[in-house]
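Okay, structure first, notes after.
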2 protein chains.
Amino acid sequence: MKIGALARKTGTTAETIRYYERTGLLEEPPRTAGNYRDYGPTELARLRFIRRARDLGFTMAEVRQLLSLSDDPSQSCEAVDSIASLHLREVDRKLGDLRKLRTELRHMVDDCQHGAVGECRIIEVLSG
Amino acid sequence: MKIGALARKTGTTAETIRYYERTGLLEEPPRTAGNYRDYGPTELARLRFIRRARDLGFTMAEVRQLLSLSDDPSQSCEAVDSIASLHLREVDRKLGDLRKLRTELRHMVDDCQHGAVGECRIIEVLSG
DNA sequence: CTTGACCTTGTAGCCACTACAAGGTGCATA
DNA sequence: TATGCACCTTGTAGTGGCTACAAGGTCAAG
């Protein structure tokens, strides 16, 4: 499988895959006679893992840890749990921030009387 | 007022203020005899405006537009309203995404039996 | 007259990509 | 066989919004 096909199968782009390789998240695959990257099912599975974790908002550093933990299936999953729980707390925090922010924005927009900028509530709020 | 004092009054840092100046968000202030930036109440108000808008999640580009709109108080505030409403919709979208993500993470973490990595639900979910 | 807090410029780094440019490969069609 | 075109290669630079230095200048207090 060439890089474009792998990209399509994983909802990524060739650029992103090469970027993951550069940064060590993916290993260098074998090459075809024409020097094209040649991927198999192992790399596909690994990239899918990476994409799922990224879509769930894990950072590249966390993904790296999760990958290396998943490579050793006999050890305790305490570390995995701790990474995921920490991330969950982080997401909760962001949700709280975003909800507060939304309320403020909502008020601002609702109070706007659509008149002149000089009396615009939005500008007033921002100006303090 | 020197840059450090302005930073303290606005909850920023001197580096950020200089960055805003570099990128044209703030104008170059006058200088003291010793070549220090010398800020007055106008710059303080402008920086406060910028910080409030940034804290509400507006991008630098949006802040730039809001600033130039607020400079002309006689025109209609339609454009201001449209920037704010668009941003509000964007925030709503992000909130939705984050809520979905939280649910998935929550399930993952809840299902983890804290055993071996080989049976870890978190790793299973990520592996597909 | 030295200490130390503050300031100056300039450059590089962060994250996670994304966007080129300039050229090579491989396959279908005329 | 030639040509066109999609795809691939490497390398470099840019995005947003800062943040972190390094190497040096300024200024008030002790």
Side-chain angles (χ1 to χ4, degrees), chain A residues 1-26 28-40 43 46-67 83 86-87 90-91 94 97-98 101, chain B residues 1-26 28-40 43 46-47 49-67 83 86-87 90-91 94 97 101:
Chain A
M1 185 176 16
K2 282 188 274 185
I3 199 169
L6 181 62
R8 277 185 294 277
K9 281 196 185 185
T10 52
T12 7
T13 67
E15 284 87 354
T16 301
I17 295 171
R18 282 191 288 258
Y19 166 73
Y20 286 166
E21 185 184 311
R22 265 204 314 284
T23 56
L25 215 52
L26 289 174
E28 296 185 27
R31 300 289 183 128
T32 66
N35 197 32
Y36 289 179
R37 285 172 181 81
D38 189 18
Y39 296 99
E43 287 97 337
R46 192 174 170 92
L47 182 52
R48 284 212 164 119
F49 185 103
I50 293 170
R51 289 312 306 173
R52 278 198 194 93
R54 292 286 305 122
D55 287 348
L56 285 167
F58 289 99
T59 64
M60 303 257 294
E62 287 166 337
V63 173
R64 242 177 274 271
Q65 293 180 62
L66 290 171
L67 277 168
I83 292 168
L86 208 66
H87 180 50
E90 189 58 21
V91 168
K94 272 192 197 151
D97 287 356
L98 214 51
L101 199 152
Chain B
M1 184 178 13
K2 282 189 275 184
I3 199 169
L6 182 63
R8 275 185 296 275
K9 281 195 184 185
T10 53
T12 8
T13 66
E15 284 88 352
T16 300
I17 296 171
R18 280 190 290 258
Y19 167 73
Y20 287 165
E21 185 184 311
R22 265 204 313 284
T23 56
L25 216 53
L26 288 175
E28 296 186 27
R31 299 290 183 130
T32 66
N35 197 32
Y36 289 179
R37 285 171 181 81
D38 189 19
Y39 296 98
E43 287 97 337
R46 193 176 170 92
L47 183 51
F49 185 104
I50 294 169
R51 289 313 306 174
R52 276 194 196 96
R54 292 285 305 120
D55 288 347
L56 285 167
F58 289 99
T59 64
M60 303 257 293
E62 287 166 336
V63 174
R64 242 176 275 270
Q65 293 181 64
L66 290 171
L67 277 168
I83 293 168
L86 208 67
H87 180 51
E90 189 58 22
V91 168
K94 272 193 199 151
D97 287 356
L101 200 151

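All values reported here derive from a predicted model rather than from experimental measurement. Atom set for the values below is all heavy atoms of this structure, side chains included, hydrogens, waters and symmetry mates excluded. In the text below, chain A, chain B and the rest are named by the order of the sequence lines, each starting its count at 1.
Protein atom CG of A/Asp38 is 14 Å distant from nucleotide atom C1' of C/dT25, rounded to whole Å. Between A/Ile3 atom CD1 and D/dA6 atom C1' the separation is 15 Å, expressed in whole Å. The interatomic distance linking B/Met1 (CE) with C/dC6 (P) rounds to 16 Å, in whole Å. Atom CG of B/Leu47 is separated from atom P of D/dC18 by 11 Å (rounded to the nearest Å). If you measure from atom CZ of B/Arg64 to atom C1' of D/dG17, you get 11 Å, rounded to the nearest angstrom. A straight line from CD1 of B/Ile17 to P of C/dT9 spans 13 Å, rounded to a whole angstrom. One atom, OH of A/Tyr39, and another, P of D/dC8, lie 10 Å apart when rounded to the nearest Å. The CG atom of B/Leu26 sits 15 Å away from the P atom of D/dG17 (whole-angstrom rounding).
A close approach under 4.0 Å does occur between a side-chain nitrogen or oxygen of A/Arg37 and OP1 or OP2 of D/dT9. Remark: B/Arg31 is in phosphate contact with C/dT9, judged by side-chain N or O atoms under 4.0 Å from OP1 or OP2.
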Distances under 3.5 Å between nitrogen or oxygen atoms of protein and nucleotides 24-28 of chain D:
{"residue": "D/dG25", "atom": "N2", "partner": "B/Tyr36", "partner atom": "OH", "Å": "2.6"}
{"residue": "D/dT26", "atom": "O4'", "partner": "B/Tyr36", "partner atom": "OH", "Å": "3.0"}
{"residue": "D/dT26", "atom": "O2", "partner": "B/Tyr36", "partner atom": "OH", "Å": "3.2"}
{"residue": "D/dC27", "atom": "OP1", "partner": "B/Gly34", "partner atom": "N", "Å": "3.3"}

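Residues passing the side chain to side chain contact (heavy atoms under 4.5 Å, CB included) test with A/Ala14, sequence neighbours excluded: A/Ile3, A/Arg18. For A/Asp97, the salt bridge (charged side-chain N to carboxylate O under 4.0 Å, His left out) partners are A/Arg93, not counting sequence neighbours. Residues forming a ring-ring contact (aromatic ring centres under 6.0 Å, His included) with A/Phe58 (at least two apart in sequence, or on another chain): A/His87.
Listed here is the closest heavy atom pair of A/Glu43 and A/Pro29: OE2-CB, 4.1 Å. Nearest approach of A/Leu101 to B/Leu56, heavy atoms of both residues: CD2-O, 3.2 Å.
Side-chain contact annotation: B/Tyr39 with B/Arg46, donor-acceptor N/O pair under 3.5 Å absent.
For the pair A/Met60/A/Leu25, a side-chain contact is recorded, criterion being any heavy-atom separation below 4.5 Å from C-beta on.
Contacts classified as side-chain hydrogen bond (donor to acceptor under 3.5 Å, both in side chains) and involving residues 1-11 of chain A (residues at least two apart or in different chains) are given here: A/Thr10-A/Thr12.
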Original post:
How would nucleotides 14-22 of chain C be written as a contact map, 5' to 3', with B for base contact, S for sugar-phosphate-only contact and - for no contact, using protein heavy atoms under 4.0 Å?
Top reply: --BBB----
Original post:
Going through the checks in order, is the side chain to side chain contact (heavy atoms under 4.5 Å, CB included) test met by A/Lys94 and A/Val91?
Top reply: CA-CA 5 Å; A/Lys94 272 192 197 151; A/Val91 168; 5.6 Å; no
